[in-house]
Amino acid sequence: MLERIKQMMAEVEALKATSAEEAEALRVKYLSKKGDITALMNDFRSVPAELKKQVGMAINELKNRATERINELKASFASVDADTDDIDITRTAYPVELGTRHPLTIVRNEIVDIFSRLGFSLAEGPEVEDDWHVFSSMNFPDDHPARDMQDTFFVESHPDIILRTHTSSVQARIMERQQPPIRVICPGRVYRNEAISARAHCFFHQVEGLYIDKDVSFTDLKQVLLLFAKEMFGEDTQIRLRPSYFPFTEPSAEMDVSCTICGGKGCSMCKGSGWLEILGCGMVHPNVLEANGIDSTIYKGYAFGMGIERIANLKYQVKDLRLFSENDVRFLREFEAAN
């Protein structure tokens, strides 16, 4: 891996382009989602534990240098274009304001970045799914309430086709086509048939994580979630795990973090308890492993899931979920500094 990184660094240092189009092609080759550097980052999970720090630093240095070099090439052509006499006389005389990322996108990217640094790869899947990947493969009984029309949007002409109610369906698709070790993070939009209010919506966003390998324990899960909480909410953040129930994990737990508003002393945000619930988690149920073609006598795993809106509420104290989908420019401008 280190030799590949060294060789690619030499390529980056020697990059040349004769046009803005060639500079963009170099960006796609090295820095896009399917680029060479992204492929290196995806292979990072196979690096031995004792080399992870060295390799991780080398990959980051390579990515930063590639970004810097390609930006230099693009800037050289931009300056040439600026010197031309071509003026668009139809362009508005008023300054064109730059846009800003949506607060949910900001939080999603931060969550994905944290888990990427912990060795998780990004995985995505379709929003229109079948019953098997959403429910059956996740150990939901046939009579489970979540299958009812009160909670799930069904495609009328195809009763087996639904709008996914959670991103666990992405985990099922990964497990059925890949043998362990598996370490993925799955962000995406999900849908549930609920009345729209300040506290609920018919669509929202989730991030779920899955790790399957030999000798995986609940201790591993707890440590990963503790690191995530400290990265997301601050070094002084504490967590607690409370027993719970989910069909796809056993044992299961819900995780609280110490209130970021009052520091655990008690306030209206945490209802005086000093704690805020942010996610559910647990060890992957053996039935789920077997249903997706993984031998549960050899492999174990953990899974967790959280709502992005919930995390955004805690970080930015947004009390009305409807604001996230109303596209009010005044609301969105409040997050310009967070980009």
Side-chain angles (χ1 to χ4, degrees), residues 32-35 38-39 41-42 45 101-102 104-105 107-109 111-113 115-116 120-142 144-180 182-194 196 200-212 246-249 279-281 284-285 287-294 301-312 321 324-325:
S32 67
K33 288 185 177 181
K34 296 183 179 180
T38 304
M41 296 175 72
N42 290 337
R45 62 187 176 190
R101 287 188 176 88
H102 194 279
L104 295 182
T105 301
V107 174
R108 173 196 179 277
N109 291 346
I111 294 172
V112 170
D113 177 67
F115 283 106
S116 294
F120 288 78
S121 300
L122 183 66
E124 297 179 318
E127 296 180 9
V128 180
E129 265 289 7
D130 55 59
D131 179 273
W132 167 258
H133 290 97
V134 175
F135 294 128
S136 298
S137 65
M138 290 290 115
N139 199 38
F140 280 80
D142 292 338
H144 195 282
R147 295 175 181 265
D148 192 81
M149 283 291 289
Q150 293 178 349
D151 295 299
T152 305
F153 287 107
F154 289 83
V155 176
E156 186 174 358
S157 58
H158 297 83
D160 188 50
I161 304 301
I162 62 178
L163 299 183
R164 66 183 182 188
T165 59
H166 50 198
T167 52
S168 299
S169 57
V170 183
Q171 299 178 10
R173 289 186 174 274
I174 294 293
M175 286 187 284
E176 68 183 9
R177 68 171 183 258
Q178 177 182 334
Q179 284 296 303
I182 297 171
R183 193 189 309 226
V184 294
I185 192 81
C186 313
R189 180 180 292 181
V190 299
Y191 304 83
R192 294 182 189 172
N193 191 7
E194 297 184 6
I196 297 175
H201 211 294
C202 60
F203 70 84
F204 53 99
H205 301 78
Q206 280 188 338
V207 174
E208 296 197 23
L210 174 70
Y211 176 41
I212 301 175
F246 305 108
F248 34 83
T249 53
L279 60 82
C281 60
V284 179
H285 199 295
N287 291 348
V288 173
L289 296 176
E290 295 292 343
N292 290 283
I294 296 176
Y302 62 69
F304 55 85
M306 68 191 81
I308 297 179
E309 281 86 347
R310 178 64 170 166
I311 304 298
L321 283 177
F324 289 126
S325 56

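Basis for what follows: all heavy atoms, side chains included, without hydrogens, waters or symmetry-related copies. Note that the coordinates shown come from a computational prediction; the quantities given were computed from them, not determined experimentally.
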Counting only N and O atoms by type, is there a donor-acceptor contact under 3.5 Å from the side chain of R164 to the main-chain atoms of G125? yes

Check ring pair (Phe, Tyr, Trp, His ring centres under 6.0 Å) between H201 and all other residues, then give those that pass, not counting sequence neighbours. F203

How many angstroms lie between OG in S169 and CD1 in I174, if you round to the nearest 0.5 Å? 10.5 Å

Which of parallel (below 30°), tilted (30 to 60°) and perpendicular (above 60°) describes F140 and F248? tilted

Tell me, do V107 and H205 make a side-chain contact under 4.5 Å, heavy atoms counted? no

Judged by atom type as modelled, is there a donor-acceptor pair below 3.5 Å linking the side chain of H102 to the main-chain atoms of F324? yes

About how many Å separate CZ of R310 and CG of L321, when rounded to the nearest 0.5 Å? 9.5 Å

Are I294 and I212 packed together at the side-chain level, in the sense that at least one heavy-atom pair is separated by less than 4.5 angstrom? yes

Using side-chain heavy atoms (C-beta onward) and a distance below 4.5 Å, is F204 in contact with V190? yes

Does any non-hydrogen side-chain atom of Q171 lie less than 4.5 Å from one of E208? yes

Heavy-atom donor-acceptor pair, D131 side chain to D160 backbone, under 3.5 Å: no

Would you say the side chain of V184 lies within less than 4.5 Å of the side chain of V170, judging by non-hydrogen atoms? no

Would you say L122 and P187 make side-chain contact, with heavy atoms under 4.5 Å? yes

Begin from the C-alpha positions of R192 and H166 and carry the test side chain to side chain contact (heavy atoms under 4.5 Å, CB included) through to its verdict. CA-CA 9 Å; R192 294 182 189 172; H166 50 198; 4.2 Å; yes

Check F153 against C202 and note the closest heavy-atom contact, atom names and distance. CE1-O, 3.9 Å

Derivation of the side chain to side chain contact (heavy atoms under 4.5 Å, CB included) call for I111 and M306: CA-CA 10 Å; I111 294 172; M306 68 191 81; 4.1 Å; yes

Using a 4.5 Å cut-off on heavy atoms from C-beta on, say whether the side chain of P126 contacts that of R173. yes

Which heavy atom of K33 sits nearest to which heavy atom of T38, and what is that distance? O-CG2, 3.1 Å

Between Y302 and Y211, what is the ring plane arrangement, given parallel below 30°, perpendicular above 60°, and tilted in between? perpendicular

Side chains of N193 and D151: closer than 4.5 Å at any heavy-atom pair? no

List the steps, then state whether side chain to side chain contact (heavy atoms under 4.5 Å, CB included) holds for L163 with V128. CA-CA 5 Å; L163 299 183; V128 180; 3.9 Å; yes

If the condition is side chain to side chain contact (heavy atoms under 4.5 Å, CB included), which residues does E290 pass it with, not counting sequence neighbours? D295, S296

On a heavy-atom basis, which atom in A172 and which in N292 lie closest, and how many Å separate them? O-OD1, 3.4 Å

What heavy-atom pair brings T249 and C281 nearest, and what distance separates the two atoms? OG1-O, 4.0 Å

Please determine whether side chain to side chain contact (heavy atoms under 4.5 Å, CB included) holds for the pair H133 and E176, giving the CA-CA distance in whole Å, both sets of side-chain angles, and the decisive distance to 0.1 Å. CA-CA 10 Å; H133 290 97; E176 68 183 9; 3.0 Å; yes

Under 3.5 Å: donor-acceptor pair, side chain of Q179, backbone of G293: yes

